[in-house]
Amino acid sequence: MARRIPRELYENELARLQARLVEMQAWVQATGARIVVIFEGRDAAGKGSTIKRVSEYLNPRVTRIVALPAPTDRERTQWYFQRYIAHLPAAGEIVLMDRSWYNRAGVEHVMGYCTNAEYHRFLHQAPIFERMLAEDGILLLKYWFSVSDVEQERRFRSRAKDPMRRWKLSPNDVLSITRWEDYSRAKDTMFVHTDIPEAPWFEVDNEDKRRGRLNMIAHLLSQVPYRDIERPVIEIPERPASGGYERPPRNLENDVPDHAGEMLRRIHAGEKLPPLPLLE
């Protein structure tokens with residue numbers, strides 16, 4: 001296994017890459033480019049945490065995260081790709097998809113949530129659909145996050161003990177431990193059918209999350225032909241002289257209680273604060 005990236009090096013390089021993402025976003029806005037980034041992979045492979053680092057300093061009006069719930073009864077009667085089309089980017093937008101239409105090639109197929117005919121239809125139609133996106137000028141980037149069975153189980157157990165992250169653990173996640181080889185075969189078949197020149201798959205080794213995040217973001221930046229955009233300098237005006245405004249009495253407003261002040265008061269009084277809900 002590769003040596004773990006030291007925290008200081010990771011944080012410095014992450015900040016540099018995030019600054020480049022901001023510049024890339026400015027280019028997308030200025031040129032009207034359209035970008036879709038798909039994040040796929042096994043449960044607990046680190047997709048969500050990487051999306052968080054990618055989007056952290058980006059404008060949510062320009063860069064949207066799409067994480068669709070299970071389809072409704074009505075959506076189940078539609079063409080499979082139909083509900084995803086509504087979330088594709090317009091000019092000057094970036095869409096980050098936390099899972100995507102590839103649900104059908106993975107969890108739906110392995111867990112029996114779709115028929116065999118629907119599964120094979122997807123494998124036939126997905127490359128056609130993606131070529132249509134590429135022909136229309138959308139840059140589609142597809143990332144598969146890989147993690148070992150040992151590391152996946154470790155992350156599951158960590159989530160189960162952490163009340164702040166327990167919501168990330170679902171019954172289907174736990175079942176993926178017992179269906180490891182089924183998911184492996186499904187992923188291999190998916191790659192055979194959908195790894196196309198117009199939208200190839202890029203695999204991220206995310207055994208070490210720090211290393212995986214840096215590698216993924218650096219690669220994303222290398223795939224977008226952006227350049228730095230010269231933006232106008234915004235000057236902050238001088239504040240004008242007061243025109244006689246007087247604020248109404250504070251007792252007429254509903255202020256939130258000073259929780260922070262109460263916390264400081266208790267500390268200075270030697271009282272103990274409630275324990276944090278950290279790992280048990």
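Worth knowing before you read on, the calculation uses all heavy atoms, side chains too, and leaves out hydrogens, waters and symmetry mates. Numbering starts at 1 and runs along the sequence shown.
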Note to self: Testing the basics here: between Y102 and A126, what is the closest heavy-atom pair and its distance to 0.1 Å?
What the structure shows: OH-CB, 4.5 Å
Check: Shortest non-hydrogen contact from K142 to T194?
Finding: NZ-O, 2.8 Å
Check: Parallel, tilted or perpendicular: which describes the rings of H219 and Y143, with under 30° parallel and over 60° perpendicular?
Finding: perpendicular
Item checked: side-chain hydrogen bond (donor to acceptor under 3.5 Å, both in side chains) between S49 and R213, intermediate numbers included -> CA-CA 8 Å; S49 61; R213 292 167 189 160; 3.2 Å; yes
Margin query: What I want to check is whether the side chains of R64 and S55 have a donor and an acceptor closer together than 3.5 Å.
Written below: no
Margin query: Is it true that R42 and S184 share a donor-acceptor pair across their side chains at a distance under 3.5 Å?
Written below: yes
Next item on the list: On the 0 to 90° scale, with breaks at 30° and 60°, tag the F81-F122 ring pair as parallel, tilted or perpendicular.
Entry: parallel
Checklist line | Side chains of Q125 and W101, donor plus acceptor under 3.5 Å | finding: no
Check: In terms of side-chain heavy atoms, does E40 have a donor or acceptor partner in S100 at a distance below 3.5 Å?
Finding: yes
Notebook entry, point to check: Looking at A186 and H109, what are the two nearest heavy atoms and their distance?
Noted result: CB-CD2, 4.2 Å
Notebook entry, point to check: Cation over ring, K187 on Y183, under 6.0 Å and within 45°?
Noted result: no
Next item on the list: Check R53 against L14 and note the closest heavy-atom contact, atom names and distance.
Entry: CG-CD2, 3.8 Å
Note to self: If you compare all heavy atoms of W27 against all heavy atoms of I229, which two are closest, and at what distance to 0.1 Å?
What the structure shows: CA-CG1, 3.6 Å
Notebook entry, point to check: Taking the six-membered ring for Trp, are the ring centroids of Y84 and W79 within less than 6.0 Å of each other?
Noted result: no
Notebook entry, point to check: With sequence neighbours excluded, what pairs up with E118 under the salt bridge (Lys or Arg N to Asp or Glu O under 4.0 Å) test?
Noted result: none
Note to self: Strictly below 4.0 Å, N to O, side chains only: are E23 and R20 in salt-bridge contact?
What the structure shows: no
Check: In terms of hydrophobic clusters joined by side-chain contacts under 4.5 Å, are L68 and M97 together?
Finding: yes
Hey, can you pull the donor-acceptor pairs under 3.5 Å for the side chains in residues 238-248, sequence neighbours left out?
residue, atom, partner, partner atom, Å
S242, OG, G244, N, 3.2
R247, NH2, E253, OE1, 2.9

